[in-house]
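Before any comments, here is the structure.
Everything numeric in this text was worked out from a predicted model, so none of it was measured. Remember, it's 1-based here, ligands and their atoms both numbered in the order they're listed.
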Amino acid sequence: MSEAIKTDVLIIGAGPCGLFAVFELGLLDMKTHVVDILDKIGGQCAELYPEKPIYDIPGIPMVTGQGLTEALMEQIKPFNPTFHLNEMIQSVEKIGDPLFRVTTDAGKVFETKVVVIAAGGGSFQPKRPPVPGIEAYEGSSVFYAVRKMEQFRDKELLIVGGGDSALDWTLNLHPIAKRVTLLHRRDDFRAAPHSVEQMRALVADGKMDLKIGQVTALEGENGVLKGAQVKGSDNAVSTVVCDTILPFFGLTMKLGPVAEWGVKLENNLLPVDTEAFETNVPGIFAIGDINTYPGKLKLILSGFHEGALMAQKASRYVFPDKRVVFQYTTSSSSLQKKLGVN
Ligand SMILES: Cc1cc2nc3c(=O)[nH]c(=O)nc-3n(C[C@H](O)[C@H](O)[C@H](O)COP(=O)(O)OP(=O)(O)OC[C@H]3O[C@@H](n4cnc5c(N)ncnc54)[C@H](O)[C@@H]3O)c2cc1C
């Protein structure tokens, strides 16, 4: 295990509510680290609907999921949070009053005075394709995410799927892989048209292969893959030689390890008070889609409000001797200084 990273506040989840929490905590001088399982910032907005319009963000008549994420990133820039992507918070342990030791699945350790759980619907987890025995190859020959492209240098890759992830990784990995075969169940792709055009051009130039069909069985032993049996749209079965498979069948949300952190759960949500959005454990707050209280609306604007009130109480844990003075950003020169606008 690595040496503990010390921070005022650790935010679990880089969705819109986690991002806005950085802003509210920053205005009150609290330093933040933000951890997310995904390889990108923005939670559901960036992962599930980056190009869809949102019409109910106060003061912004229309913004896309990705647009909102980018605007929030711009807004929190003055507070310079540290992001830890591709890492899942595994455990949260109380070691002081309040002080928490928080660990990620990559072995990173944080010591933090306050924990803000902004984990939305829980952890995004890849959907496993219905191929018998695929579990035996996971982590050795079958991967649901690309953490480091170099891992796939000189590999015979079978990439499965028809969405943006499948197409993006096909285009990014084909220059370093030995050979890439893209497999999709029909010759019609959900991915961005430009990516599909680029992929078809590579196929036409003989630089990669495209197959239409579905994987029905895997060939190999002891986790080492040699090939995949593919049933085509004409029901003919053929073998694609490959040593690595990257299936991109989308993500589902599961509560994941939140259930083991010692905070009270109610129907897979975290009950909180409505003064500070604190859980039953002092110093652990829950904001956004993950929390519940009478009248809760799972809207981004609710999570923003929750972040503002949470920050007031969090400040009392981080700076027990400091009195929080209520100020407007419009008129407070000290807040404007923190924002770098004065
Ligand atoms: C199609 C669609 C359209 C929508 N349209 C609107 C709309 O118009 N207006 C509106 O207000 N809302 C809308 N919503 C809902 C809105 O997106 C959510 O309310 C919002 O994303 C909640 O934000 P959040 O920050 O609480 O959680 P999320 O956006 O879910 O982010 C949570 C993050 O936490 C991470 N995480 C979870 N567990 C862990 C862990 N253990 N370790 C590390 N990271 C973890 C996840 O990977 C995720 O990135 C829509 C939702 C969908 C699906």
Residues Glu278 and Lys313 bridged, charged N to O under 4.0 Å
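Counted as a salt bridge, because a side-chain N and a carboxylate O are separated by less than 4.0 Å.
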Answer yes when Lys296 and Glu306 have at least one side-chain N-carboxylate O distance shorter than 4.0 Å, and no when they do not.
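Here Lys296 pairs with Glu306 in a salt bridge, since their nearest N and O are under 4.0 Å apart.
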Which residues pass the side chain to side chain contact (heavy atoms under 4.5 Å, CB included) test with Leu38, not counting sequence neighbours?
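If we apply the side chain to side chain contact (heavy atoms under 4.5 Å, CB included) test to Leu38, skipping adjacent residues, the hits are Asp36, Glu47, Phe124, Leu251.
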Students often mix this up, so state it plainly: with edges at 30° and 60°, are the rings of Phe20 and Phe304 parallel, tilted or perpendicular?
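Tilted: the ring planes of Phe20 and Phe304 meet at 30° to 60°.
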Close-range residues for ligand 1, whose non-hydrogen atoms fall below the 4.0 Å threshold:
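Around ligand 1, where the cutoff is 4.0 Å for heavy atoms, the contacting residues are Ile12, Gly13, Gly15, Pro16, Cys17, Gly18, Val35, Asp36, Ile37, Leu38, Gly43, Gln44, Leu48, Tyr49, Ile54, Asp56, Glu87, Met88, Ile89, Ala118, Ala119, Gly120, Gly121, Gly122, Ser123, Phe124, Trp261, Gly288, Asp289, Lys298, Leu299, Ile300.
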Under 4.5 Å between side-chain heavy atoms, chaining through other members, with only Ile, Leu, Val, Met, Phe, Trp and Tyr counted: pull out the rest of the cluster around Leu167, sorted by chain and number.
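Phe143, Val146, Met149, Phe152, Leu157, Ile159, Trp169, Leu171, Leu173, Ile176, Val180, Leu182, Phe189, Val196, Met199, Leu202, Val203, Met208, Leu210, Ile212, Leu246, Phe248, all in the cluster of Leu167.
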Members sharing Val224's hydrophobic cluster (side chains within less than 4.5 Å)
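Answer for Val224: none, a lone residue.
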